[in-house]
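As the structure is a prediction and not an experimental result, all values here were calculated from the model. Each chain gets a letter, A, B and so on, in the order the sequences are listed, and its residues count up from 1.
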Number of protein chains: 2
Amino acid sequence: MYTVYIPSMKVQFFETGSSHMSTRGLKTAAGQIQRPVPLREAAYEAILDLITTRTLSPGLHLVETELAEQLGVSRQPVREAIQRLSNEGWVELRPGYGAFVHTPTETEADQLLAVRSLLETESARLAAENATPEQIDHLRELIDSGRSETTSGNTEAVVRVNSEFHRSITVASGNKVLTELAAQVDRRVRWYYTPVARIRGSASWDEHEQLLDAVEARDPGRAGTLMSEHTERTRLTYNEHAQEEG
Amino acid sequence: MYTVYIPSMKVQFFETGSSHMSTRGLKTAAGQIQRPVPLREAAYEAILDLITTRTLSPGLHLVETELAEQLGVSRQPVREAIQRLSNEGWVELRPGYGAFVHTPTETEADQLLAVRSLLETESARLAAENATPEQIDHLRELIDSGRSETTSGNTEAVVRVNSEFHRSITVASGNKVLTELAAQVDRRVRWYYTPVARIRGSASWDEHEQLLDAVEARDPGRAGTLMSEHTERTRLTYNEHAQEEG
DNA sequence: CAGGAGCATACTGTATACAGGATACAAAAG
DNA sequence: CTTTTGTATCCTGTATACAGTATGCTCCTG
C-alpha cells in the first residue's frame, strides 16, 4: 500500500515554467537521464499557449478529437489537460456539451486585478520581513535586466522580466501558498491585460527599485504601501485602456 | 424541441457520506429534469470526502484500480477526479508513481491560515461596502442559527453554520474571484484544523455579530479590523493546540 | 412556404485494452 | 551473510472502443 518515494527522481518533473525553453531535460553533473514529460503536461502547456496567444479565441468550442489530432496524441491526455484548464478558469466545462474557452468580462478582470493587488501587497510586506540576501540580489539583478531590456525596446523580454520580478517578490515572502495563488491570478490577469496594454515605460522600474529598497531596509509597512500603489497604478492603466476600447 | 431525457436510476449512486452537497443535481423550479451527475464529479466528491474524514490518511498511495472498484466505476472517472484533487492540493501526483494523499505540515497550515486571514479580511471590508440587505439578513439568520446550535451542543451543525457564515461574507464582498479563492483555502484550512480543534464557544458568535454590525453600518475599516482579529484569534487557537500535540 | 418529425452525424462520457516502467521478492554469486 | 541480478507482478500512462445524447439538416405535411 505505501510506496517508497525516491526524492532524486522528481527533479525535473514539475517544471511548470516556460514551455519553449530548450533545456527540457536536466543533464547536470550527475548525468541525469531526461525523462519524457507526461503527455497531459505537454498538452496542457500547448493548449494554454494557444489560449493565451488568442489562437483559440474566447467562446470557442474545444473539440477533443480535433485537439488530439492537432497535437498528435489521443483524446485521453487532451481530456486531462482540459480538466486542469477548467479548474484554473481558462475554459468552461458544460457537462455533455463540451469545453469552451472562457470569455473574459470587464468586471472579472477588475476583480482579478483587485485580488492580485491584495496578494502582492501582502507578499511585499512579508518579503520585507523574510527575504534572504540572495533573493534581494536576484531582485536587484532583475531590475537591472529590466532596465536594459526596456531601453533596447525588447518588449517581450520586458514583460517576462517584469513578471519574474513580481513572482520573485512572492517567493521572497516565504509563504508558498501565497506564491502559488499569486502566480495563478497573475497569469490570468496577464491574459486579460495583454491585448490592451502597452508597457508602462521605465517609470515602472523606478517603482520596483523603491520597493526593493524598502524590502532591503526591512520596512514592511513601506514595502506594502509601495506595492499597493504600484499595482493600483497598473489597474488604472488597464481601466483607461479598457474604456478606450469599450 | 428537445427530446426529453429520462433520468436513469444511477443518479442515486453516490449518496456516499455528505448528504447535503449543494444543488448539483436537483432542480426545484418548474419541473426541471434531473440530469445525471458526471461520474468524475461523483468520484471527486467521494474521494475528497474520504480524504477529509481521514479514511484515506496522508501519504497513502491512491491506487486507481482499487478506488475504481470501490466506487463501482472504471479508472477513467477516478483519474479525472484525482487530477482535480491534485490541482487543489489534496493529493500529490508523481508521474509514473501515482497519486499520494498530501501530507500536511505545520508551516503549511500556518501559511494557509495567514492567507485565509488576508482574503477574509478583505472580504469583510468589501462586504461593508457592497452587501445587499438580503445578504445582511441572511447573515443575521446564520448567527441566530449558530447560537442555537451552539447551546444545543450540535457540534457538527455549528461547524457547518460557521463555515457558511464566512462563505457568505466573501459572497457579500461582490468579488467572485475572492469568493472562490477563499472557499478553496478555507476548505483546506478546515482539513488541517479539524483534528486539533474544539469549537471556540459562543464568544465566536458575538464576534460575528459585531462584524455584521460593522457591515450593516457600512464601516469597511471596522469590518476589516474585526475580521482580522477574529481570524487571528482562530490562528492562535490552532497554534496552541498544535503545540500541545507536537 | 412554414413548421415539425425523423434521420444522420458529431461529440462527449465511460469502459476496456495494451505497453512500458517500477517494485518486490527470490535466487545466485561473492 | 551480504550483495547483485533476474523475474514476476503491479500500476500508471496512453490508446482505442463503445454507448448515448445533442445538433443540424432533410423531407414530409399543412
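At whole-Å resolution of the value, CZ in R94(B) and P in dT23(C) are 12 Å apart. Rounding to whole angstrom units, CD of residue E64(A) and P of dA15(D) are separated by 14 Å. If you measure from atom CD of E69(B) to atom P of dC11(D), you get 11 Å, rounded to the nearest angstrom. One interatomic measurement links the two molecules: CG of L67(B) to P of dC11(D), which rounds to 11 Å at whole-angstrom precision. Between the CG atom of L93(B) and the P atom of dC11(D) there is a distance of 16 Å, rounded to whole Å. The distance between atom CD of E66(B) and atom P of dT9(D), rounded to the nearest whole Å, is 18 Å. Straight-line distance from the CD atom of E80(A) to the C1' atom of dT14(D): 9 Å, rounded to whole Å. The distance between atom CG of L39(A) and atom P of dG20(C), rounded to the nearest whole Å, is 14 Å.
For the atom pair CH2 (W90(B)) and CG (L50(B)), the distance works out to 12.5 Å, reported to the nearest 0.5 Å.
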Listed pairs, N/O of protein and of nucleotides 16-18 of chain C, under 3.5 Å:
none

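Across the interface with DNA chain D, nearest-nucleotide mapping of V73(A) and A99(B) shows A99(B) to be the residue nearer the 5′ end.
For Y44(B), there are no ring pair (Phe, Tyr, Trp, His ring centres under 6.0 Å) partners, not counting sequence neighbours.
Checking the phosphate oxygens (OP1, OP2) of dT12(C), no side-chain nitrogen or oxygen of R79(A) falls inside 4.0 Å. Within the structure, a side-chain polar atom (N or O) of H61(A) is placed less than 4.0 Å from OP1 or OP2 of dT12(C). Between Y97(A) and dT23(D) there is a side-chain polar atom (N or O) within less than 4.0 angstrom of OP1 or OP2.
R188(B) has a carboxylate O that lies under 4.0 Å from a charged side-chain N of E108(B), or vice versa, which qualifies the two as a salt bridge. Taking the charged nitrogens against the carboxylate oxygens, E92(B) and R94(B) do have a contact shorter than 4.0 Å, which makes a salt bridge. Using a 4.0 Å cut-off between charged side-chain N and carboxylate O, R84(B) and E41(B) make a salt bridge.
Applying the side chain to side chain donor-acceptor pair (under 3.5 Å) test to every pair with at least one member in residues 67-82 of chain A, sequence neighbours left out, gives these pairs: E64(A)-R75(A), E64(A)-R79(A), Q76(A)-E80(A), Q76(A)-Q76(B), R79(A)-E80(B), E80(A)-R79(B), E80(A)-Q83(B).
Across all strands, I82(B) comes closer than 4.0 Å to no nucleic acid atom at all (heavy-atom distances). Contacts of L62(A) with the nucleic acid, taken as non-hydrogen atoms under 4.0 Å apart, involve only primed sugar atoms and P, OP1 or OP2.
Aromatic ring centroids of Y97(B) and F100(B) lie 6.0 Å or more apart.
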